[in-house]
Amino acid sequence: MGKTSVLLVGFLFSFLVVTVQAGDKYKKYNDPSLPINKRIRDLMRRMSLDEKIVQMVQIDRKVATPEVMRDYKIGSILSGGGSVPHLQATPQEWLNMVNGFQNGSLSTRLGIPMIYGIDAVHGHNNVYKATIFPHNIGLGATRDPELVKRIGSATAREVRATGINYVFAPCIAVCRDPRWGRCFESYSEDPDIVKEMTEIINGLQGEIPKDSRKGVPYVGGKDKVVACAKHFVGDGGTTRGINENNTVIDKHGLLSIHMPGYNAAIIKGVGTVMVSYSSWNGVKMHANHDLVTNFLKGALRFRGFVISDWQAIDRMTYPVHANYTYSVLTGVQAGLDMIMVPYNYTEFIDSLTGLVKNKFIPMNRIDDAVRRILRVKFQLGLFENPLSDESFIDQLGHQAHRDLAREAVRKSLVLLKNGENADEPMLPLPKKSSKILVAGSHADDLGNQCGGWTINWQGGSGNNLTSGTTILKGIAEAVDPSTEIVYEENPEFDYVKSNNFSYGIVVVGEPPYAETNGDNLNLTIPLQGQYTLYNVCANIKCVVVLISGRPLVIMPHLEQVDALVAAWLPGTEGKGVADVLFGDYGFSGKLPRTWFKTAEQLPMNVGDLNYDPLYPFGYGLTTQPLNATS
């Protein structure tokens, strides 16, 4: 062999070595210039069964560590209600925690980043000093989808401030019975209003491009998050409003009342859908292959991933966890893609692995789930930017967001009564008076006015829960400096009678609650609230501001009350209530649900044959704003 041939062979050998080495380093799935589907295919062909199954797992942060993420290659983490790094953790501490977990995920063989989910159902509500917006029932009263979109955008920025990129919101339940403990999470009893309010998805995720294929998830930038439409489907229609119970309705009713919001959400590119604990005509939704796979993924062409609710696999049987293998088999076969197994993740992994290896669950079902999860992660930009962006830290509780929340409070208030007739309106109130009385359990209690899902799962009473402005403080800032304000939470009858007050403002309502703890067959104002209302309103002119997640029995008190305002659960910006009470802005809210006379009438919704409400759906008196100096 000549010298030239030897050189040529050497060159070719070196070229092949370099090419192979480059090929080892170049992975298509890490190339952002390629279409997402090509990246998914490349990654999935590299994945073992074990690596696919753990992508389907979501665990709570309480059991997560960087080492767990590295060793088990877990696909997702969540913060359940109240699951925080520590009490009053700062955005930087949240961000450091999330990045720590993510570094564990990135150190695995394939370096697939995890996605972190949290309930942000009225703002970033688990986080200390976040802006807390009105709960959905109040937003439904605004009839303002554009406002709700802006709230979605603000919420996304506050969530990003803590390094989180996925929210379990919006709840698009259609609450048909206010006895349900989650009714405040529903925008309305009317599916059309719920459908309109899916505009929040465009705020959370960004506006989907006009040429996008229906059903393909979309996230439009680093200041956006993946959204989750929940709870699929019929969660708001259970018998007597019992949480997680059975919705008895024919298919036409299910599709016409409870389904429209999902079609709207999918058109907007929602990334995920969470399945409901409830049943439809006796079949658990987590086991309903026809609705989850055939309808949601098939007919509605949803291409994001379907996630279970918290420990929902365990709760498919009674007693809970009685036949776990059956529950895993049934849930995954029904079409669940990601399973929220907050604590017992090793049991789930072992069960699902065994079911696949023994051919009870086909490999194409696992591949479908993983493909959907990866599609959302790629669309989110996780592979390019897996670690959290610290530039959003100052967005938590930003003044612009608090101003937006205050605007939402103003627009959510529904004026139900204003004097005995149009000639004698009680509202707006005069800012300048000699002495006014403010009373009631909810007048100076930030926790009460925020409701459930605030810092903790169930919420809590008191003013040390988070930061914000109580209604009392809002009143104090609204009135003329010469006006004396007397605050007595529960004044006695004779005290009110003898103190020569110009008028009284009574702020009462429900204590905070969430989910099953809020199920209530009576729907009455707590007794102390009734006593306070009577003691004040029987003696002086009064306006009652009702803080509640739903209509309550008010008819027995109407004769004493001069003006009645439904303020729902307004959140941290109590000044919004005072803005309207004192005429800086007019009342404009409309009832998002029917206000019944007695609980015995329930369920009663607009359009029913026997419709005899105290205040009908859509009712709401209006007032004109006064000059700011009045």
Side-chain angles (χ1 to χ4, degrees), residues 88-92 94 118-139 141-142 144 146-162 164 167 169-170 184 200 203-204 223-225 391-413 442-455 459-460 462-478 507 512 545 547 567-582 584-585 588-589 628:
Q88 299 185 357
T90 65
Q92 186 70 60
W94 275 94
I118 196 166
D119 286 284
V121 297
H122 62 143
H124 197 10
N125 50 262
N126 277 288
V127 178
Y128 181 63
K129 291 189 175 180
T131 307
I132 305 298
F133 293 92
H135 266 298
N136 285 355
I137 189 170
L139 298 183
T142 70
D144 191 341
E146 190 273 335
L147 170 70
V148 170
K149 178 183 172 183
R150 287 188 283 139
I151 289 171
S153 295
T155 300
R157 288 193 293 274
E158 297 211 11
V159 170
R160 283 290 194 171
T162 56
I164 296 171
V167 298
F184 64 77
I200 194 171
L204 291 166
D223 62 341
K224 300 299 181 183
V225 295
S391 66
F392 293 106
I393 280 181
D394 67 348
Q395 292 295 301
L396 190 87
H398 195 284
Q399 188 58 49
H401 302 162
R402 293 192 180 278
D403 292 343
L404 175 61
R406 184 173 175 178
E407 176 189 349
V409 173
R410 292 194 294 261
K411 292 180 175 179
S412 71
L413 302 178
H442 290 54
D444 191 30
D445 194 307
L446 197 62
N448 282 354
Q449 74 187 42
C450 288
W453 289 110
T454 304
I455 305 301
N463 290 331
N464 60 355
L465 208 61
T466 190
S467 62
T469 306
T470 66
I471 293 168
L472 174 64
K473 188 173 181 183
I475 292 169
E477 293 188 19
V507 191
V545 178
I547 306 295
W568 315 111
L569 297 169
T572 52
E573 306 313 303
K575 290 180 185 177
V577 176
D579 286 341
V580 185
L581 288 181
F582 291 96
D584 290 341
Y585 295 83
S588 60

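Residues Ile393 and Gln92 have side chains in contact (heavy-atom distance under 4.5 Å, counting atoms from C-beta outward). For the pair Ile547/Pro570, a side-chain contact is recorded, criterion being any heavy-atom separation below 4.5 Å from C-beta on.
A donor-acceptor pair under 3.5 Å is absent between the side-chain atoms of Gln395 and the main chain of Arg157, judged by distance alone. Panel note: side chain Thr572, backbone Thr131; no donor-acceptor pair is recorded below 3.5 Å. The closest donor-acceptor contact from the side chain of Trp568 to the backbone of Pro134 lies at 3.5 Å or more, if one exists at all. Using a distance-only test at 3.5 Å, with no hydrogens or angles considered, a donor-acceptor pair links the side chain of Asn463 to the main chain of Leu446.
In terms of heavy atoms, Pro512 sits closest to Gly452 at CB-N, 4.1 Å. Among all heavy-atom pairs drawn from Leu396 and Ala130, the shortest one is CD1-CB, 3.8 Å. The two atoms that bring Leu569 and Cys450 nearest to each other are CB-O, 4.0 Å, heavy atoms only. Gly203 and Ala156 make their closest contact through O-CB, 4.3 Å (heavy atoms, listed as atom of the first residue, atom of the second, distance). Of all heavy-atom pairs between Thr162 and Val159, the closest is OG1-O, 2.7 Å. Minimum interatomic distance between Gly123 and Thr155 (heavy atoms only, all atoms of both residues): CA-OG1, 3.7 Å.
Considering CD1 of Ile132 and OG of Ser467, their distance stands at 8.5 Å, rounded to 0.5 Å. To the nearest 0.5 Å, the span separating NZ on Lys411 from CZ on Arg406 amounts to 14.0 Å. Summarising the geometry, atom CG belonging to Leu472 is positioned 14.0 Å from atom NE2 belonging to His442; distances are rounded to the nearest 0.5 Å. To the nearest 0.5 Å, atom OG of residue Ser588 and atom CG of residue Asp144 are 8.5 Å apart. To the nearest 0.5 angstrom, Tyr128 atom OH is 8.5 Å from Asn464 atom CG. The CG atom of Asn125 lies 10.0 Å from the OG1 atom of Thr466; values are rounded to the nearest 0.5 Å.
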>> Quick one, Val167 with Asp119, criterion side-chain contact (heavy atoms from CB on, under 4.5 Å). Give me CA distance, side-chain angles, the key distance, then yes/no.
In response: CA-CA 6 Å; Val167 298; Asp119 286 284; over 6 Å; no
> Where do Ile164 and Val225 land on the side-chain contact (heavy atoms from CB on, under 4.5 Å) test, with the steps shown first?
Replying inline: CA-CA 8 Å; Ile164 296 171; Val225 295; over 6 Å; no
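Counting non-hydrogen atoms of neighbouring residues, nucleotides and ligands closer than 6.0 angstrom, the OH atom of Tyr585 reaches no more than 12 such neighbours.
Side-chain atoms of His401 and Glu158 form a donor-acceptor pair, as typed in the model, at a separation below 3.5 Å. Counted by atom type alone, Ser153 and Lys224 present one or more donor-acceptor pairs between their side chains at under 3.5 Å. Side-chain contact, Asp444 with Thr470: a donor N or O sits under 3.5 Å from an acceptor N or O.
The salt bridge (charged side-chain N to carboxylate O under 4.0 Å, His left out) analysis of residues 465-477, with sequence neighbours excluded, yields the pairs Glu477-Lys575.
Residues satisfying the side-chain hydrogen bond (donor to acceptor under 3.5 Å, both in side chains) criterion with Asp403, sequence neighbours excluded, are Gln399. A search for ring pair (Phe, Tyr, Trp, His ring centres under 6.0 Å) contacts involving Phe133 returns nothing, not counting sequence neighbours. Partners of His135 according to the ring pair (Phe, Tyr, Trp, His ring centres under 6.0 Å) rule, which considers only residues two or more places apart in sequence or in another chain, are His122, Phe184. Evaluation of the side-chain hydrogen bond (donor to acceptor under 3.5 Å, both in side chains) rule for Trp453 yields Glu185 as partners, not counting sequence neighbours. Taking Glu146 as the reference, Arg150 meet the side-chain hydrogen bond (donor to acceptor under 3.5 Å, both in side chains) condition, with sequence neighbours excluded.
The only member of Val409, Val507, Asn448 that meets side chain to side chain contact (heavy atoms under 4.5 Å, CB included) when paired with Ile471 is Val507.
Using a cut-off of 4.0 Å between Lys/Arg side-chain N and Asp/Glu carboxylate O, Arg410 and Asp579 are scored as salt-bridged.
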